[in-house]
Amino acid sequence: MQTKKQKTVPQHSHLRIIGTSDDFEIAILEQVGKEDFPDLIDVSESLAEKFGPSARLNSTTIRKYFNYPQTYPFVARRHEQIIGYIIGVPLERFAKDVWAQYDRNLGKKNTVYTYAFAVKKQYHKTGYAKMLKRLYYNWMRKRDVEYISGHVILGTTKLFNGEAEVIQTFENWHGTGKTFEYYRRKLQTTSQVVS
C-alpha cells in the first residue's frame, strides 16, 4: 500500500514585506519554512489558552493554512521573530462545511474567511494587532474582496467598527464548550478605523 508523499518543507521561509515601522514588519508568508514553525506554534498558544488544545498549531496545520496562494497568511514580526499572524482563506474552500451554507456569498468569490488571528500575549494592546488587521484588510480590498467573515465568541461582532452582521450562532464550536457566532462584515474604506 502506498501512502501519499508529503511535500518537503524548506528550511527557510519566503516573505513578502508589505509594511514596516522601526523594528516591526508585516509580511505575507509566501512559503513557510521549518525555521518559523516554533514561532508560529508559540503564537498559537494564545488561542489554545482561550479555545483549547485543538487551536494550537502543529506541523500539519501549519502546512495546511500557511499555504499561499491557496490561503493568505500574514505574519507580524518584531526583530525578525513572528509575534502574530492572521490567515485568510477564500470562503469557497469551506463549501462542504455546514456552517458555510448559511452564507449567501458562498460561490460569489467575494468573501475571505478569517481562519485564525493571534498575537502573542505580551504584545496585546501595543497596536501591533490593529496594524496587522489593517494591512490584511487593505490587501484584500485591493484584490476586490468585498467581505471578511469568520467565527468569534458570542457577542464579539457587536464590538466591531463598521458594517458587520451575525449570520448564525453555533454552540460548542469545535468542542470548545463556547458559543461562537459566524459573522460577515463589509470591508471598510481605508479611512475607517479597524477594530
Side-chain angles (χ1 to χ4, degrees), residues 7 9-50 55-59 61-91 93 110-150 152 156 159-164 185-195:
K7 188 176 159 185
V9 178
Q11 182 62 33
H12 302 290
S13 294
H14 182 265
L15 299 157
R16 181 169 20 125
I17 307 299
I18 58 172
T20 62
S21 173
D22 298 324
D23 61 353
F24 178 72
E25 64 186 14
I26 295 171
I28 298 171
L29 190 56
E30 292 183 334
Q31 183 174 27
V32 66
K34 289 179 185 175
E35 67 185 358
D36 287 322
F37 280 28
D39 282 348
L40 293 169
I41 292 167
D42 192 35
V43 172
S44 75
E45 289 299 328
S46 65
L47 294 176
E49 284 178 27
K50 285 170 90 172
R56 185 178 296 110
L57 290 174
N58 58 47
S59 61
T61 54
I62 289 171
R63 284 191 297 270
K64 181 178 180 180
Y65 288 108
F66 291 83
N67 186 21
Y68 181 84
Q70 287 77 32
T71 65
Y72 311 116
F74 285 65
V75 293
R77 299 190 334 153
R78 189 162 184 265
H79 301 296
E80 298 186 7
Q81 179 183 20
I82 294 173
I83 64 162
Y85 58 79
I86 189 167
I87 306 166
V89 182
L91 180 62
R93 293 279 305 270
N110 66 355
T111 304
V112 169
Y113 176 79
T114 303
Y115 174 76
F117 177 43
V119 174
K120 279 185 169 183
K121 201 183 248 184
Q122 67 260 39
Y123 296 108
H124 289 185
K125 299 186 181 188
T126 61
Y128 293 148
K130 188 177 275 192
M131 284 187 273
L132 176 58
K133 194 182 287 187
R134 180 173 287 132
L135 285 178
Y136 169 72
Y137 286 176
N138 287 339
W139 192 87
M140 294 302 170
R141 192 179 302 104
K142 289 175 185 174
R143 278 142 190 89
D144 297 323
V145 173
E146 296 176 47
Y147 297 91
I148 297 292
S149 68
V152 291
T156 304
L159 304 174
F160 290 165
N161 291 329
E163 187 182 325
R185 92 190 269 186
K186 185 132 177 88
L187 276 175
Q188 303 169 347
T189 62
T190 308
S191 62
Q192 291 175 304
V193 176
V194 175
S195 65

### Message
Listing request: all ring-ring contact (aromatic ring centres under 6.0 Å, His included) pairs with a residue in residues 20-42, at least two apart in sequence or in separate chains.
### Response
Phe24-Tyr128

### Distance, nearest 0.5 Å, that separates NZ of Lys186 from CZ of Arg141
10.0 Å

### Query
Which of parallel (below 30°), tilted (30 to 60°) and perpendicular (above 60°) describes Tyr65 and Tyr115?
parallel

### Task
Might you point out which heavy atoms bring Tyr113 and Gly150 nearest each other, and give the distance in Å?
CE1-CA, 3.4 Å

### Backbone of Gly33 reached by a side-chain donor or acceptor of Ser13 within 3.5 Å
yes

#### Entry: Heavy-atom check, side chain of Phe117 versus side chain of Leu132, under 4.5 Å
yes

### Interatomic spacing from OG in Ser44 to NZ in Lys120 - rounded to 0.5 Å
10.5 Å

### Query
Roughly how far, to the nearest 0.5 Å, is CG of Asp36 from CD1 of Ile62?
9.0 Å

#### Entry: Rounded distance [0.5 Å steps], CE in Met140 versus CD1 in Ile148
5.5 Å

### Message
Give me the atom names and distance for the closest heavy-atom approach of Leu57 to Thr61.
### Response
CA-OG1, 3.4 Å

### Task
Please report the C-alpha distance between Val119 and Thr126 in whole Å, then the side-chain angles of each, then the deciding distance to 0.1 Å, and finally whether the side-chain contact (heavy atoms from CB on, under 4.5 Å) criterion is met.
CA-CA 10 Å; Val119 174; Thr126 61; 5.8 Å; no

### Exercise: do Arg185 and Tyr137 side chains pair donor with acceptor under 3.5 Å
yes

### Message
Surrounding NE2 of His14 (heavy atoms of other residues, nucleotides or ligands, distance under 6.0 Å), is the total greater than 12?
### Response
no

### Nearest heavy atoms of Val43 and Ile82, plus distance in Å
CG2-O, 3.7 Å

### Which atom of Leu47 lies closest to which atom of Ala116, heavy atoms considered
CD1-CB, 4.3 Å

#### Entry: Point-to-point distance, once rounded to the nearest 0.5 Å, from CG of Asp42 to CD1 of Ile83
11.5 Å

### Message
According to salt bridge (Lys or Arg N to Asp or Glu O under 4.0 Å), who are the partners of Arg16, at least two apart in sequence or on a separate chain?
### Response
Glu30

### Message
Does Trp139 form a side-chain contact (heavy atoms from CB on, under 4.5 Å) with Phe74? I'd like the steps, not just the answer.
### Response
CA-CA 10 Å; Trp139 192 87; Phe74 285 65; 3.5 Å; yes

### Message
Main chain of Glu35, side chain of His12: is a donor-acceptor contact present, judged purely on distance under 3.5 Å?
### Response
no

### Task
Work out which heavy atom in Thr114 is nearest to a heavy atom in Ile86; give both atom names and the distance.
CG2-CG1, 3.8 Å

## Note on the structure
Rounded to the nearest 0.5 angstrom, the CG-CD distance for Asp39 and Glu80 is 11.0 Å

### Message
So Tyr85 and Leu29, do their side chains get closer than 4.5 Å, heavy atoms only?
### Response
no

### Message
Using side-chain heavy atoms (C-beta onward) and a distance below 4.5 Å, is Ile87 in contact with Phe66?
### Response
yes

### Message
If you compare all heavy atoms of Leu15 against all heavy atoms of Val75, which two are closest, and at what distance to 0.1 Å?
### Response
CD2-CG2, 3.8 Å

